[in-house]
J.: 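Okay, handing you the structure first.
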Amino acid sequence: MEQLLGVKLGCLFALLALTLGCGLIPICFKWFQIDAAGGHHRRVLGLLGCISAGVFLGAGFMHMTAEALEEIESQIQKFIVQISECGKFFW
């Protein structure tokens with residue numbers, strides 16, 4: 001059991017290091033620095049920024065949609081139960 005925990009922690013830190021390393025690589029290249037970019041490069045960097053913002057917004061909306069659908073479904077079930085109970089009194 002402790003060996004499995006060690007493997008999980010090792011994978012966690014390896015994934016963290018890999019993500020940070022790949023995320024910080026563009027800082028080293030002059031092409032990705034917005035101050036040094038001109039004309040076409042500035043437009044490409046702006047487009048890449050918009051695409052990445054869209055990815056994060058889409059992921060956030062998908063996450064919220066899943067939770068909202070679960071809540072809506074439970075509210076519909078409660079409403080159906082209330083309607084069926086009210087119907088007993090009127091018939």
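Values below: every heavy atom of this structure, side chains too, minus hydrogens, waters and symmetry copies.
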J.: Please go through I72's hydrophobic cluster and name the other residues, only I, L, V, M, F, W, Y counting, with side-chain heavy atoms under 4.5 Å joining them.
T.: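 So far as hydrophobic clustering goes, I72 is joined with I76, I80.
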J.: Let me check something: any side-chain donor-acceptor pairs from residues 47-63 under 3.5 Å, sequence neighbours excluded? List them with distances.
T.:
residue: S52; atom: OG; partner: L48; partner atom: O; Å: 3.3
residue: S52; atom: OG; partner: G49; partner atom: O; Å: 2.9
residue: H63; atom: NE2; partner: E67; partner atom: OE2; Å: 3.2

J.: With sequence neighbours excluded, give me every side-chain hydrogen bond (donor to acceptor under 3.5 Å, both in side chains) pair touching residues 5-16.
T.: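 Listed once each, the pairs would be none.
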J.: Among all residues two or more places apart in sequence or in another chain, which pass the side-chain contact (heavy atoms from CB on, under 4.5 Å) test with Q75?
T.: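 Listed in chain order: E71, K78.
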J.: Name all residues meeting the side-chain contact (heavy atoms from CB on, under 4.5 Å) criterion together with L69; count only those two or more places apart in sequence or in a different chain, and write none if there are none.
T.: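 In terms of side-chain contact (heavy atoms from CB on, under 4.5 Å), with neighbours along the sequence ignored, L69 is linked to T65.
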J.: Side chains of residues 9-18: which donor-acceptor pairs under 3.5 Å do they make with residues two or more places apart or in other chains?
T.:
none

